[in-house]
Amino acid sequence: MKYVEFGATGLKISELGFGGIPIIRLDTATAVSVLQRAYDKGITFYDTANAYRDSEQKMGIAFRGRRDKVVIATKTLKRDAAAAAKHIENSLRMLETDYIDLYQLHQIAQDKDWEAVTAPGGALEAVVKARDEGKVRFIGVTSHNLPMAVKLVNTGLFSSIQVPFNFIEHAAKDELRTTALARHMGILAMKPFAGGMIDNAEIAFKFLRRFPDIVPIPGCDSIASVDEVVSYYKSCNIVTKADFALMDRYRKELGKQFCRRCEYCQPCPEGVMITPAMAYKIIASRMSPAVAVEFSKAAMESVQKCIECGICEERCPYELPIEEMLKANYDLYEQHRELVRN
Ligand code: SF4
Ligand code: SF4
């Protein structure tokens, strides 16, 4: 594993980080063993969030006695100072530490988010206060919205920026990367596999390795996936013409509007299993109709409960027309079901 300077923070971190969402699916003992395997493989940068259920707690347990050997980033979705201050205290407790290396304002996607966090009594106040008190070393920000991310970089207020970055969503390699590097900021790539839509780690990493100043933070939910990710990351250096052609095929297959499985839209008040149902078109393109129908049955049947309330669309950071996409996927599922019946 190589270690790189993280912007102008003076922190040196592994060139490959670890994203803290998938460990929420694991029991504590398994999550701890996955995190410790990542550490043993040389990963020293760990990103989590107050919003990722017990992810912080699992990291706290995994790195007991090794706190000074890892760099921990966490974040809050809260927009006001009082609630953000509570989240910081909670993160410190869960992570079993008295300092957080990087504290990020989470998912600043729209002007209204920015106005809220920077207003008097906004979340930024609490994070700056925590930094002044030594509870937070550096302040960062995350956004799924690229123009907003560029705007955030240009405020000059942050040590790092975290955005989605992979060979499908690669626009951050241009203005955002140039501007952030000019400001000596650390850049973190969330969703290096486009939320699981890229099922080929080799080409995902071949693309990412072309940008050594951007640190990817893939999430892993098993020791085997840690081993796989680390070994691919080390070995995937040369991008061939065939790789570029394959990347193009993925881009065409997924189009611009696809679900990244971030689950911000959940829960649906009517019980629609939004995330797996949104993936039906992709799933069906990768298996036979019979297997796709069987595999996705529960999720697709739940789509019928949708009352088109629009709540999920308001929550989706990618502004996906979820209702329309669910309907289209359901139509496809019905066609496949008929095909299988006959
Ligand atoms: S629009 Fe449908 S899927 Fe979305 S939250 Fe409302 S009921 Fe659930
Ligand atoms: S529909 Fe949007 S919010 Fe929901 S999981 Fe997909 S990308 Fe995330």
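No hydrogens, no waters, no symmetry mates; every other heavy atom, side chains included, goes into these values. Just so you know, ligand 1 is whichever comes first in the structure, and atom 1 is the first atom listed for that ligand.
With rounding to the nearest 0.5 Å, the separation of OH in Y103 from CG in D101 is 13.5 Å.
Among protein heavy atoms, atom 8 (Fe) of ligand 2 sits closest to C262 SG, 2.3 Å. The protein atom (non-hydrogen) at minimum distance from atom 2 (Fe) of ligand 1 is C306 SG, 2.4 Å. Distance from atom 4 (Fe) of ligand 1 to its nearest protein heavy atom, with residue and atom name: C312 SG, 2.3 Å. The nearest heavy-atom contact from the protein to atom 1 (S) of ligand 2 is I322 CD1, 3.6 Å.
Between A277, C259, P321, C265, it is C259 that holds the heavy atom closest to atom 6 (Fe) of ligand 2.
Using a 4.0 Å cut-off to heavy atoms of E323, the atoms of ligand 1 that qualify are 1 (S). Residue P317 has at least one heavy-atom neighbour below 4.0 Å for each of these atoms of ligand 2: 3 (S). Taking every heavy atom of R260 and a limit of under 4.0 angstrom, the matching atoms of ligand 2 come to 6 (Fe), 7 (S). Interface atoms of ligand 1 facing G310, defined by a heavy-atom separation under 4.0 Å, are 1 (S), 6 (Fe). Contact atoms of ligand 1 toward E270: 7 (S) (distance under 4.0 Å to a heavy atom of the residue). Listed by number with element, the atoms of ligand 2 under 4.0 angstrom from any heavy atom of E263 are 5 (S), 8 (Fe).
Residue contact annotation: C316 places no N/O/S atom under 2.8 Å from atom 4 (Fe) of ligand 2. Here C268 fails the criterion, with no N, O or S atom under 2.8 Å of atom 6 (Fe) of ligand 1.
Ion pairing between a basic and an acidic side chain is recognised when a charged N comes within 4.0 Å of a carboxylate O; D47 and K75 show such pairing.
Heavy-atom distances between I307 and ligand 1 reach below 4.0 Å in at least one pair. At least one heavy atom of P269 sits closer than 4.0 Å to an atom of ligand 1. The shell of residues lying under 4.0 angstrom from ligand 2, judged by heavy atoms, excludes G195. The shell of residues lying under 4.0 angstrom from ligand 2, judged by heavy atoms, excludes R315.
At a 4.0 Å heavy-atom cut-off, ligand 1 does not touch K305 at all.
Considering every non-hydrogen atom in both T30 and S33, the closest pair reads O-OG, 2.7 Å. The two atoms that bring R66 and D40 nearest to each other are NH2-OD1, 4.2 Å, heavy atoms only. Considering all non-hydrogen atoms of both residues, C220 and V229 come closest at SG-CG2, 4.1 Å.
Remark: the backbone N or O of I23 is paired with a side-chain donor or acceptor of K58 at under 3.5 angstrom. No donor-acceptor distance shorter than 3.5 angstrom exists from the side chain of Y52 to the backbone of P22, with no hydrogens or angles considered. Under a 3.5 Å cut-off, the side chain of Q107 and the backbone N or O of H144 do form a donor-acceptor pair. Side chain of S143 to backbone of M148: no donor-acceptor contact under 3.5 angstrom is found. Proximity of a side-chain donor or acceptor of R249 to a complementary backbone N or O of K252 within less than 3.5 Å is not detected.
In summary, of the residues considered (F165, F205, F167), a ring-ring contact (aromatic ring centres under 6.0 Å, His included) with F211 occurs for F165 alone.
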